[in-house]
Amino acid sequence: MGSGVCFIDYNNDGWQDILFVNSMDWPGHGGRTKSYPALYRNNGNGTFTNVTKQAGLDVQMYGMGCAVGDYNNDGYDDIYITALGHNYLFRNNGNGTFTNVTKQAGVGSGGWSTSAAWFDYNNDGKLDLVVDHYVHWSVKSDKWCSLDGVHKSYCTPELYKGESISLYRNNGNGTFTNVTKQAGLYDSNDKALGVALVDYNNDGCIDLFITNDTEPNRLYRNNCNGTFTEVGFAAGVAYSSSGKARAGMGTDSGDYNGSGLQSLIVGNFTHESMSLYRNEGNGLFTNVAGSAGIAGPSANSLTFGTFFFDYNLDGRPDIFAINGHVDDDISVLDPSLSYAEQPLLFENMGNGKFKDVSNDVGPAFKEKLVGRGAAYGDIDNNGDLDLVVTTSNGAARLWRNDGANENDMLEIKTVGTRSNRDGIGAKVFLTTSTGQHMSEMVKSGSSYLSQSELRLTFGLGKPDPSKRISLKILWPAGDVQILKNIRPDQFITVEEGKGIISDKPIHFVLNTAKKQLH
């Protein structure tokens with residue numbers, strides 16, 4: 001199943017650090033060194049330093065995923081790690097160290113947890129926590145399955161009972177209350193692997209999209225009164241176009257077509273193709289993966305981590321997918337398939353169509369990997385988005401984006417006051433003087449077992465010295481903020497109720513054309 005990775009600026013120095021979640025060897029295997037999560041501090045010069053032990057994160061666990069958010073509104077982002085058997089909440093002490101506060105917080109969440117996300121479901125200014133769960137499994141209850149009748153392979157999750165997702169309400173005093181059942185989210189049939197925050201009906205209350213493995217996906221509409229209603233089937237996101245439940249893995253939400261509405265991307269199993277659910281704005285979604293040009297190239301892939309991001313900063317969100325099979329002997333059954341698979345990058349062409357550019361963006365994308373977790377973040381603060389991916393039983397990959405910052409961009413960090421400190425759930429609508437319209441939402445979670453950086457990056461296309469930007473920010477607490485006459489190529493911090501409290505130029509190497517314009 002692999003494990004995930006999260007971007008986090010844990011020391012508030014403005015540089016994105018990286019947290020890798022690791023599993024461990026089974027008891028009785030012997031001979032191997034202990035395995036811990038790995039926190040790498042960004043040194044700001046293209047290198048990272050492993051600070052796991054000094055940060056207090058050297059805790060052995062069979063880790064799965066992670067989620068980043070400032071649950072106590074103290075200005076420092078905290079870490080939640082999901083695992084097999086027991087999860088962990090690490091409070092950021094603000095001095096480079098973390099404290100394990102799982103027990104007193106009440107968020108241990110037993111069973112087999114997978115993806116998680118911080119969000120403020122009741123808009124009270126405090127981050128709550130949603131945790132995916134997979135299936136009832138243990139070493140003792142493990143079933144024997146085989147592709148060739150001789151060698152052990154992974155079993156389909158259909159052979160196991162599911163586990164419900166969990167929702168923990170933040171009480172504001174360092175503790176949480178499990179409100180899964182009273183919120184209407186309990187479903188023991190779930191076999192959840194991915195979670196995406198989405199306000200699909202633009203009512204200001206964050207909804208939940210949950211991808212399930214061989215069970216229908218769930219779309220939980222937030223009723224804005226502390227409860228949710230499951231509307232996945234009615235909305236058209238529960239099944240494939242042929243009415244089958246797919247093996248949903250990673251997922252993300254995003255406004256890929258400039259409609260102001262959030263659509264959904266889903267990674268599925270081999271021969272199922274990825275799903276692209278376009279938000280029609282009337283409570284319904286349409287799977288347009290085929291007509292958009294995504295279904296064909298992804299048909300033979302088993303996609304885990306996936307998300308929207310603007311890799312070339314042209315103002316149109318693109319799609320990334322990291323792939324890898326679960327059966328290391330799959331080629332025995334089907335010689336056309338392989339355990340390691342090529343990543344996929346789909347460029348948004350701006351007309352509802354995507355182009356597969358996986359072979360056009362350098363040698364990194366041509367290497368086949370047994371990919372699992374994936375996230376994006378600007379590791380070198382040069383304005384474009386870099387990628388980090390994890391592999392099953394192998395080394396991680398950090399891919400630097402080179403050249404995209406020849407285009408204009410704007411990076412935004414949100415700071416809530418009445419809303420939660422991170423501004424998770426804030427929707428930013430951007431308009432340029434050259435006629436561009438786009439929107440993004442600050443969100444935790446997404447992808448598979450992973451989380452990308454919390455700050456937003458808007459690509460603004462070709463350089464133009466006269467270009468000016470207007471922002472409309474809808475904060476979770478209900479405030480509406482309008483900001484005008486903003487120059488591109490900046491990293492700005494926007495505080496709820498105050499406006500821009502910090503603006504810094506993006507540090508990048510300008511190409512000749514951009515030097516002449518700026």
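This one's a predicted model, so the numbers in the text were calculated from it and none came from an experiment.
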*Asks:* Under 3.5 Å, is there a donor on one side chain and an acceptor on the other for Asn43 and Thr49?
*Replies:* yes
*Asks:* In this structure, is the centre-to-centre distance between the rings of Phe307 and Tyr376 below 6.0 Å?
*Replies:* yes
*Asks:* Could you go through Asp203 and Arg221, starting from their C-alpha distance and side-chain angles, then the distance that decides it, and tell me whether this counts as salt bridge (charged side-chain N to carboxylate O under 4.0 Å, His left out)?
*Replies:* CA-CA 10 Å; Asp203 64 355; Arg221 185 187 67 217; over 6 Å; no
*Asks:* So, the side chain of Thr390 versus the backbone of Val5: is there a donor-acceptor pair under 3.5 Å, distance only?
*Replies:* no
*Asks:* Looking at Lys355 and Asp360, is any side-chain nitrogen of the basic one under 4.0 Å from a carboxylate oxygen of the acidic one?
*Replies:* no
*Asks:* Please check if the side chain of Asn405 supplies one atom and the backbone of Asp384 the other of a donor-acceptor pair under 3.5 Å.
*Replies:* no
*Asks:* After noting the C-alpha distance and the side-chain angles of Glu280 and Arg278, does the key distance pass the salt bridge (charged side-chain N to carboxylate O under 4.0 Å, His left out) rule?
*Replies:* CA-CA 6 Å; Glu280 304 294 354; Arg278 184 181 65 205; 2.9 Å; yes
*Asks:* Picking from Asp213, Asp190, Thr82, what satisfies side-chain hydrogen bond (donor to acceptor under 3.5 Å, both in side chains) with Tyr134?
*Replies:* Asp213
*Asks:* If only side-chain N and O atoms count, and only distance matters, is there a donor-acceptor pair under 3.5 Å linking Ser240 with Ser242?
*Replies:* yes
*Asks:* Taking only residues two or more places apart in sequence, or in another chain, which ones meet Trp15 in a ring pair (Phe, Tyr, Trp, His ring centres under 6.0 Å)?
*Replies:* none
*Asks:* How about Tyr256 and Phe354: are their ring centroids closer than 6.0 Å?
*Replies:* yes
*Asks:* Do Tyr121 and Asn222 pair up side chain to side chain, a donor and an acceptor below 3.5 Å, judged on atom types alone?
*Replies:* no
*Asks:* Taking atom types as modelled, is there a side-chain donor on Asp187 or Ser164 under 3.5 Å from an acceptor on the other?
*Replies:* no
*Asks:* My understanding is that only residues two or more places apart in sequence, or in another chain, count here; which of them pass ring pair (Phe, Tyr, Trp, His ring centres under 6.0 Å) with Phe269?
*Replies:* His325
*Asks:* Applying salt bridge (charged side-chain N to carboxylate O under 4.0 Å, His left out) to Lys427 and Asp255, what does each step give before you reach the verdict?
*Replies:* CA-CA 11 Å; Lys427 284 180 285 187; Asp255 178 13; over 6 Å; no
*Asks:* Can we say Asp13 and Arg41 salt-bridge, meaning some charged N sits less than 4.0 Å from an Asp/Glu carboxylate O?
*Replies:* no
*Asks:* Using atom types as modelled and distance alone, determine if a side-chain donor or acceptor of Ser450 lies under 3.5 Å from a backbone N or O of Tyr448.
*Replies:* yes
*Asks:* Have Tyr311 and Asn401 got a donor and an acceptor in their side chains that come within less than 3.5 Å?
*Replies:* no
*Asks:* Would you please say whether a donor-acceptor pair under 3.5 Å links the side chains of Asn381 and Glu411?
*Replies:* no
*Asks:* Under 3.5 Å, side chain of Asn217 to main-chain N/O of Asn212, donor-acceptor pair present?
*Replies:* yes
*Asks:* Taking the six-membered ring of Tyr160, is the NZ or CZ of Lys191 close enough (under 6.0 Å from the centre) and on axis enough (within 45°)?
*Replies:* no
*Asks:* Do Ser275 and Asn268 have side-chain atoms, one donor and one acceptor, less than 3.5 Å apart?
*Replies:* yes
*Asks:* How would you list, by chain and number, every residue that makes a side chain to side chain donor-acceptor pair (under 3.5 Å) with Asn45, sequence neighbours excluded?
*Replies:* Thr47
*Asks:* Between Asn42 and Ile379, which heavy-atom pair has the shortest distance, and what is it?
*Replies:* ND2-O, 2.8 Å
*Asks:* Would you indicate whether Tyr36, at its atom OH, is surrounded by more than 12 heavy atoms from other residues, nucleotides or ligands within a distance under 6.0 Å?
*Replies:* yes
*Asks:* Between Glu230 and Arg218, is a salt bridge (charged side-chain N to carboxylate O under 4.0 Å, His left out) present by the stated rule, with each step listed?
*Replies:* CA-CA 6 Å; Glu230 206 288 301; Arg218 318 288 188 200; 5.0 Å; no
*Asks:* If you count heavy atoms of other groups shown closer than 6.0 angstrom to NZ of Lys152, is the number above 12?
*Replies:* yes
*Asks:* Would Ser35 and Asn22 count as having a side-chain donor-acceptor pair, cut-off 3.5 Å?
*Replies:* no
